[in-house]
Structure formats: C-alpha cells, structure tokens
Student: 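Here it is: the structure, laid out below.
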Amino acid sequence: MAKLVEVTVFKPAAGKMNDALATCAEVKSYLLKNGVDEVWYNTGTIGRHFGCIISYQVYASGEVSGKVNDSLNVDKQYAQLLAKMNSQGEFISHDSYYQTNI
C-alpha cells in the first residue's frame with residue numbers, strides 16, 4: 001500500500017510568522033499523537049510560496065488518512081488549534097498525494 005502525503009500551504013499574516021510556526025509545533029505534536037506517521041514543515045523563501053509555511057503530513061495509506069481525518073474533523077481540541085491558525089493568517093491550499101515509487 002502506498003503512503004499518502006497531505007500538503008498544506010498556509011500564509012501567515014504580516015508579522016505573524018513566528019506565532020504561526022509556534023502554533024505549527026502544537027499542531028504537529030497533536031497530529032503525531034492522533035495517527036499521523038510524520039509531520040514536517042518548510043518555509044517558502046522564493047517563488048510562489050514565498051512567506052508561506054508548507055506542511056507535510058504522511059499517513060501509512062489513504063485508508064489511514066481517511067480514518068484519522070474523520071476523527072480530527074469532530075475533535076474539539078483540534079478545531080481550536082485550527083481556529084488559532086486561522087487567526088494568524090490564511091490557508092491557501094490543501095492537497096493529497098499518493099507516494100509513487102519510480
């Protein structure tokens with residue numbers, strides 16, 4: 001079974017990068033405790049995602065991603081973390097990709 005990677009792009013409001021990164025650390029910890037295999041972040045330094053935070057969440061499979069996300073969608077603590085993120089900027093995109101071995 002192929003791993004599934006969710007990629008989320010978030011643009012912090014002006015002056016909110018450090019706050020958003022601190023919140024990302026909270027989100028990462030929460031996701032890892034709730035079934036996500038790996039989480040890491042990049043910050044865009046040039047190009048179309050300049051000034052953005054790019055999040056990568058790795059799941060064992062698409063089925064696991066669905067189960068974890070179904071659980072998180074009704075989780076009040078996770079909703080509070082997302083609301084905190086929303087107060088610090090805006091979500092630009094969220095996409096899912098299956099890992100491909102070529």
Side-chain angles (χ1 to χ4, degrees):
M1 227 182 248
K3 290 184 178 186
L4 184 123
V5 181
E6 292 183 3
V7 180
T8 304
V9 179
F10 179 80
K11 180 142 182 96
K16 294 289 186 178
M17 177 64 86
N18 289 336
D19 294 337
L21 286 171
T23 303
C24 285
E26 292 179 63
V27 170
K28 176 181 180 175
S29 177
Y30 199 78
L31 291 173
L32 291 172
K33 289 178 188 173
N34 285 279
V36 180
D37 291 346
E38 297 175 53
V39 178
W40 73 90
Y41 298 95
N42 291 337
T43 53
T45 56
I46 196 167
R48 70 183 174 129
H49 292 134
F50 173 78
C52 293
I53 300 168
I54 301 92
S55 168
Y56 302 85
Q57 301 146 27
V58 180
Y59 299 83
S61 68
E63 182 180 351
V64 171
S65 169
K67 288 179 181 177
V68 170
N69 281 294
D70 285 348
S71 174
L72 290 173
N73 285 336
V74 295
D75 184 307
K76 290 181 181 175
Q77 187 174 351
Y78 188 65
Q80 289 174 339
L81 286 171
L82 291 181
K84 188 175 181 180
M85 287 296 302
N86 279 319
S87 74
Q88 297 168 340
E90 67 176 310
F91 286 94
I92 303 298
S93 63
H94 180 82
D95 302 294
S96 295
Y97 304 91
Y98 278 106
Q99 183 182 38
T100 303
N101 294 318
I102 297 175

Student: Can a donor-acceptor pair be found, under 3.5 Å and without considering hydrogens, that links the side chain of Ser29 to the backbone of Ala25?
Tutor: no
Student: Rounded at 0.5 Å granularity, tell me how far CD in Glu38 sits from CD in Gln57.
Tutor: 11.5 Å
Student: Any heavy-atom pair between the side chains of Met17 and Gln88 that's under 4.5 Å?
Tutor: no
Student: What pair of heavy atoms forms the shortest contact from Pro12 to Ile53, and how long is it?
Tutor: CG-CD1, 3.9 Å
Student: Hydrophobic clustering (ILVMFWY, side-chain heavy atoms < 4.5 Å, transitive) - are Phe91 and Val7 grouped together?
Tutor: no
Student: Within this structure, what is the CG-CG distance for the pair Asn86 and Leu81, rounded to the nearest 0.5 Å?
Tutor: 11.5 Å
Student: When you look at CG of Asn18, are more than 12 heavy atoms from neighbouring residues, nucleotides or ligands closer to it than 6.0 Å?
Tutor: no
Student: Are the side chain of Asp75 and the backbone of Ser71 linked by a donor-acceptor contact shorter than 3.5 Å?
Tutor: no
Student: Indicate the atoms forming the closest heavy-atom contact of Glu90 with Phe10, along with that distance.
Tutor: O-CD1, 3.4 Å
Student: Would you check if His49 and Ile54 make a side-chain contact, meaning some heavy-atom pair closer than 4.5 Å?
Tutor: yes
Student: If we only count heavy atoms from C-beta on, is the Thr43 to Leu21 side-chain gap below 4.5 Å?
Tutor: yes
Student: Within this structure, what is the CG-SG distance for the pair Asn42 and Cys52, rounded to the nearest 0.5 Å?
Tutor: 12.0 Å
Student: Quick check for you: to the nearest 0.5 Å, what is the distance between Lys3 atom NZ and Asn101 atom CG?
Tutor: 10.0 Å
Student: Under the rule for salt bridge (charged side-chain N to carboxylate O under 4.0 Å, His left out), what residues qualify as partners of Glu63, not counting sequence neighbours?
Tutor: Lys67
Student: Does the side chain to side chain contact (heavy atoms under 4.5 Å, CB included) test come out yes or no for Val39 and Leu32, once each step is laid out?
Tutor: CA-CA 7 Å; Val39 178; Leu32 291 172; 4.1 Å; yes
Student: What are the two closest non-hydrogen atoms of Tyr41 and Lys28, and how far apart are they?
Tutor: OH-N, 3.7 Å
Student: Can you hop from Leu31 to Trp40 via hydrophobic side chains spaced under 4.5 Å?
Tutor: no
Student: State, without any angle test, whether Tyr78 and Asn34 hold a side-chain donor-acceptor pair at a distance under 3.5 Å.
Tutor: no
Student: Do Tyr56 and Glu6 have side-chain heavy atoms sitting under 4.5 Å apart?
Tutor: no
Student: Between Val9 and Val5, is there a shared hydrophobic cluster once you connect ILVMFWY residues whose side-chain heavy atoms come closer than 4.5 Å?
Tutor: yes
Student: So, do Leu4 and Val64 sit near enough that their side-chain heavy atoms are less than 4.5 Å apart?
Tutor: no
Student: With side chains defined as the heavy atoms from C-beta onward, is the minimum distance between Tyr59 and Val36 less than 4.5 Å?
Tutor: yes
Student: Kindly indicate whether the side chain of Met85, heavy atoms from C-beta on, has any atom under 4.5 Å from the side chain of Cys24.
Tutor: yes
